[in-house]
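As a basis for the values below, the full set of heavy atoms in this structure was taken, side chains included, without hydrogen atoms, waters or symmetry mates. Since we're looking at a predicted model, the values are computed, not measured.
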Amino acid sequence: MACTLLEFCRFQDIRPVRDFLFPQLREEKRSPENFSSWEAEDWGSWEENESKEAPAEEEISSKAPSVYWLQDCVLSLSPTNDLMVIAHEQKAVFLAPKWKADGKGREEMQYEVVWSGPLNVEDNEFISSALCIPLASQKRSSTGRPDWTCIVIGFTSGYVRFYTESGVLLLAQLLNEDPILQLKCRTYEIPRHPGVTEQHEEMSILYPSAVVTIDGFSLFQSLRACRNQVARAAASGNENVQPPPLAYKKWGLQDVDTIVDHVSVGVMALSPFDQMRTASVLGGFNAAIKSSPPTMSQYITVGSNPFTGFFFALEGSTQPLLSHVALAVASKLTSALFSAASGWLGWKSKHEEEPQQKQKPKVEPATPLAVRFGLPDSRRHGESISLSPCNTLAAVTDDFGRVILLDVGRGMAVRMWKGYRDAQVGWMQIVEDLHERESERGHFSPFGGTQGPSRVAQFLVIYAPRRGILEVWSTQQGPRVGAFNVGKHCRLLYPGYKIMGLNNVTSQGWQPQTYQICLIDPVSGNVRTVNIPFHLALSDKKCERAKDLHLVKKLSTLLKAKVPNHERLETEAKEILLDIKYPATKKQALERILSSERVPLPCLTSITQTLLDSLRSQEVEFVDEGLLGFCEDKLKLLHLYESVQKINSSAVETEASPSTKELALLLRLEEDELQRLQALIRSYKQEHTRTGVRFADDEPGALPVRAFLEYLECEPDAVSVKKISEEEYIALGSFFFWKCLLGECSTSEMCETLEKAGLGPQPLLSLLLKVWLWKEKEILENPQSLSCLHNMLSRLSDMKVAIDETWDLQSVSPWWQQMRTACIQSTSNGAALLSAHVGHSVASNITSALAEKKIFSQLPKSLQEDEGESMTDSWEALSLDTEYWKLLLKQLEDCLILQTLLHCKGLKKTSKISSLQVEPLGKLSVKKLLEGGKGGVADTVAKWVFKQDICPGLLKLARERRDAEEHRAQEPGDSSMAVVAVLEASQSEDAKEEHQVLELLRAVYQHFPCSLDLDVLLAHCCWEYMVQWNKDPEEAHFLVRSVDHLKNIGNAHVQFGLSLMMWNTFIIKRFSAAAYLMDKVGKSPKDRLCRRDVGMSDTSITTFLGCCYELLQTMMEADVSSEEMSQPLLEVEDPWMSVEGPSSIVELALEQKHIHYPLVEHHFVLCAIMFSIMSLSLKSVKPLALFDSKGKNAFFKDLTSIQLLPSGDMDPSIVSLRQQFLMKMISAAVQAQFQSQITVRPEEVAADAERRPVDWPILAVELAPQLQVNEDTVQRHYVCELYNYGFDNIAEEAILQVVDKEVLASQLLVLTGQRISHALLHTQTKEGMELLARLPPTLCTWIKAMDPQDLQNTDVPIPTTAKLVDRVVELMPENHGQYSLALNLIEAVDAMSIL
């Protein structure tokens, strides 16, 4: 076996982690690719030569910063894979592995974010290092297992802080004021032999000129105490326990220029010879030595001058320092927790806490420690150092792209690798498996046992990101044993520790799996480790496994030959298999042969048989049972494959397609029922086409041997199908049954072969149904397939264990329930319906046979013959399964009809199609409809209505046709002619597509009379249009169509509840935003402001406000009408009584509370005002300023709540503003009418045709009493404006609505004078001047005083003006002061008409 990369976990989605830590990359991702502006262009083209000389590493970093972001992060992974920390600058993300299902339904471990946020306490501190340390459990039941994981974070401020998995700060320590460079940890390991010094646990913290080591036992106890204290304070707040202080040592490293990284080797003791040699060198001939050699703690640093420094600290030379634990609790805890913990935290109050935080704790001075020796190299700068697990070797990387192997004991460099710039290194310690070395299998421990101690090998793992390669080297002088191409953006993590808190007793028990090395790939999201077999550390001369590995490589080369010679391949493969010694390697070699696509089936069978014969010829005690069983299983599967392939290739006479009568007899149906079924299938085939890509080389039913062996596995006395994907499942089923379903091979032979091989009927039935349902298109085109399926299903049902012998007719058979479940879950409705008919037929045959057999057994023998002759084939026994089959057939038929409707082409759309309407509709199944609730069917049809943009009138017409046909069925002579007339009319209008849609709708209505009640369907259509409009508010016609469906709902209860739901869910937020925006700008806002504040364009807001106006009006009308009618009964068809799922829209609408009618009317007035402002482009109008403080406060509140509304007389100033607004509204409306006569744009005509025109003057008159404005004043202004713009005919009708005719006469008299003044004075004709001179002086003076500039239309004929004067005289009383003036005007106008 060779080295392998094993994936043990993956990221669920690593992009949110990147976006959180690097927000600039998130913005880069959202910006369009290849987008450049003149500001961002490269203006340095004249420096082309300089840019070419840029280093390669700058190119790499500038190409894809979104890929290499992980290189800039601080990472740490718990060795037990309980937690991972990814940090950058001041923010960190904690991730934990969870079991998740992948895309194929298989369970796998995926990292999931459990906490994220900033960790800095001070603004100028950043995260520089991190550790995830699992702490051992103290419980007896979980000895040796991790209890929880502590996260240790080092900051540039010098603080080291400890957190829980949920981000709760446990304690913080400032041991030195310099930035923390590196955090490292060492945990307890059992000494391999007595000569090795027992190492204690510790955590070391590296500063630029010092190293601090914290005792592991002290740290373990302090962390446990802090965590328990936080838990107690959070629970009760009564416990106050002072955690023990931290014991640490602080060494000031001297005689070194710079330090970048370090390792703490641990305690070492000199041998007696080294002790005497050192004493002789230092003290001379007369030097005395102690009886016991001194123990020292060894530290190794890398940096510059020296490149590698060795420090030795004598044990006992300095006393450990005791630090009072400074604890802090995360901000998530409540104030009660702070007060409870104040006793042991030392906090008095919130005000006293701030000065304590500002004042840094006392920092103890460091004990000087000089460098003993080092590797001096003034030009070389070290970058990192990694200590091997056995503490004898260390790997150092430098800035020259070298990896240097150090002998820690001798302080020498023993090996160097070149060409590894920016390398990341780690170690793997592999323990020999005694099971593989010894033939006898027995109990053994990891480091020793009855067979002798296990050997341990050290492997160095090097990741070169510049080359994207991961290498594994055997140390010290061994070769490279593995290499993998992994990409240039990965990170290699080597914790170098295991679980903290273990000792020599707890370490010997069961321990969880720990990972020494892990490689993180941020692109694919994989987290992998390296699997290294122990035998790779052995030399080729001593290792038979290496010889076996060489044979396996030779076999692989043989299998990869371009033009293989099958005879030679078979011979050499047999020789190689027999030459391999180890059973595990033999199995691996055989697996490679079986998985090769180049080896034919006869060769595979011969090779497997040869190996099996070789194993059987050996003595039983020397044969590996696993290998023997593996060969027997594979040989059995090969024989099965050969048999199936032989049956598929054998030619069988193809039977003729069955006639309609034969098919009806086969399915136990009447001929008319069969013809109706065939008509449904034809309609379904016409509308439904499966989309997919097919290749000519893909032979249906073909399956390679390799795939066949992968899909099946052998069990004792049986063959089972593995857990494979759906595509693989279908491929296996096609290999077994596709030729049988086409009638091209023998069904009986296939079933017998599969049954003899050990395949059970249940998996075979599942495979058969998968193939049948998947290949729906081919099945529907081949009528013979029904009889083939009938034969196959009958054969499978006759197998043993298919149908339990104890099955009673009054109970449900699991066999048939399996088939029904497959049909219920399938989205291939046509194939499912046909298979259900076949299953029902076969089940009825078996049920009748069992019932007949049961009856015969109870009769006397003399009567059995007579009864047998009297029974016919049409006799059918009643059973519970039969009822379930009938129910399923009805459900599948309904689902088929509905699916046919969803896939129909629909009507041709004349308007622009939205992208939301292009999205394909999902496929239906009975299961989906049963889980969709009572409104599932209506919701499905509503999605189709939205996609096809069907108007409510067409839905009503289809319903009326259905009702007409039902009435015609009852009274054939009355309505048949009417229906024919409707059809002829549709044909005459060239509406064949519409007729087709109507027929499909009618069929669906017939199958779902309750679920698709017209009000229910319209309600769901209304809601669907509203939901789609909310996705894209620019599609204003969706909102218009939604309101149309709402207004067509007949039941007032449904209409009211739905309108209220629409208002609360979708309308109120945008409506309030529009109101505040219009009130802010004081006019109809521009497009930019509308998009910014409301999220729609200005034209869309106009349509939106018009729909709001109609919505509120409908709501008020429905609220009044609902008192006179009862709520509808929501019924469901009998086959769908078992539906479960969410409540339907209609049910939710009926549950709505009653509204406060005055409050809705209040909003309606505001909506009308806003609608008129946007439609007529009014200026200097603030809609909210037209209401007092009570009115403003009542806006945008829940319509069902009781609000304080304005009452009594309104402030005169507000009434005056309202009156001015209504007059502006009327003036703008009349002006718009006048402009439309002058210039008419075609797009405006189309828009007005789609949107219902609003009679603004009538609306203004209706609003007047609600705004406390005199209605007659508004009406008079309307009449005056009509005359002002020359609409005298319309004005004549409007005068009838005016009450105060005298005031109106005075206003019209002025307008008449303006017209005469313009005709006489502004035309300056001779006849006009003479006429003016003949007029009475009073009248002449009055005409000259008139200002005709206020007239909007000066082209009014004189006869029309004469009619106006006559109307003024009629309206004005004789005692009026200007009555004589009006009489004189009659004479003047008559004279002017003669001119």
Side-chain angles (χ1 to χ4, degrees), residues 101-106 597 637 640-641 643-645 647-649 685 688-713 719-745 747 750-751 753-754 757 759-782 784-786 788-789 791-793 795-796 818-836 838-839 892 899 922-928:
D102 62 358
K104 295 184 178 181
R106 292 175 292 195
E597 297 179 354
L637 294 178
L640 175 61
Y641 182 87
S643 302
V644 174
Q645 196 176 43
I647 296 173
N648 284 334
S649 59
K685 270 199 308 182
H688 179 76
T689 55
R690 180 184 295 277
T691 58
V693 181
R694 297 237 174 155
F695 300 96
D697 298 337
D698 293 345
E699 181 184 353
L703 184 70
V705 189
R706 173 179 57 84
F708 182 81
L709 296 177
E710 289 178 359
Y711 298 164
L712 297 177
E713 61 181 354
V719 176
S720 61
V721 183
K722 295 181 181 178
K723 190 176 182 181
I724 54 181
S725 65
E726 187 176 6
E727 291 78 9
E728 295 168 342
Y729 211 81
I730 293 166
L732 181 61
S734 300
F735 179 65
F736 284 153
F737 300 118
W738 182 239
K739 291 291 183 70
C740 297
L741 291 175
L742 295 179
E744 298 177 2
C745 68
T747 301
M750 182 65 71
C751 291
T753 302
L754 297 177
L759 279 162
Q762 282 78 15
L764 290 178
L765 177 62
S766 180
L767 288 170
L768 175 63
L769 293 176
K770 281 284 185 183
V771 176
W772 177 271
L773 297 172
W774 180 259
K775 296 182 178 291
E776 183 185 40
K777 185 177 181 181
E778 295 84 351
I779 292 296
L780 298 181
E781 293 175 354
N782 187 3
Q784 189 183 355
S785 59
L786 279 175
C788 297
L789 178 63
N791 295 335
M792 179 66 70
L793 193 57
R795 294 287 305 177
L796 292 179
Q818 177 185 354
M819 186 174 182
R820 287 193 295 268
T821 302
C823 294
I824 287 174
Q825 296 176 351
S826 174
T827 56
S828 303
N829 297 285
L833 180 59
L834 293 178
S835 62
V838 174
L892 286 172
Q899 186 72 70
K923 295 181 180 179
L924 293 179
S925 66
V926 175
K927 182 181 179 182
K928 289 182 180 178

Do [X] and [Y] have side-chain heavy atoms sitting under 4.5 Å apart?
X    : Y    : result
L741 : N782 : no
I824 : L892 : no
S925 : S826 : no
L767 : L759 : no

Under 3.5 Å: donor-acceptor pair, side chain of [X], backbone of [Y]:
X    : Y    : answer
S734 : I730 : yes
K928 : K923 : yes
Q899 : L924 : yes
Q784 : G743 : no

Do you know which two heavy atoms are closest between [X] and [Y], and how far apart they sit?
X    : Y    : answer
L780 : A831 : CD2-N, 4.4 Å
A832 : C823 : O-SG, 3.9 Å
L796 : C751 : CD2-SG, 4.2 Å
L769 : A822 : CD1-CB, 3.7 Å
Y711 : L703 : CE1-CD1, 3.8 Å
L764 : F737 : O-CE1, 3.5 Å

Supply the atom-to-atom distance [X] [atom1] to [Y] [atom2], rounded to the nearest 0.5 angstrom.
X    : Y    : atom1 : atom2 : answer
L834 : N829 : CG    : CG    : 11.0 Å
K770 : S828 : NZ    : OG    : 10.0 Å
M819 : Q762 : CE    : CD    : 13.5 Å
W772 : C788 : CH2   : SG    : 8.5 Å
E776 : K685 : CD    : NZ    : 10.5 Å
I647 : L754 : CD1   : CG    : 7.0 Å

Here's a test for you: under side chain to side chain contact (heavy atoms under 4.5 Å, CB included), which of N791, L833, L786 qualifies with V838?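 So, applying the side chain to side chain contact (heavy atoms under 4.5 Å, CB included) to V838 and each of N791, L833, L786, only L786 qualifies.
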Here the salt bridge (Lys or Arg N to Asp or Glu O under 4.0 Å) pairs for residues 820-836, sequence neighbours left out, are R820-D881
Regarding E710 and R706, does a basic nitrogen lie under 4.0 Å from an acidic carboxylate oxygen?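 Looking at E710 and R706, the cut-off is met.
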Candidate pair N648 and M750, rule side-chain contact (heavy atoms from CB on, under 4.5 Å), full reasoning: CA-CA 9 Å; N648 284 334; M750 182 65 71; 3.5 Å; yes
Can you label the angle between the Y641 ring and the F735 ring as parallel, tilted or perpendicular, going by 30° and 60°? parallel
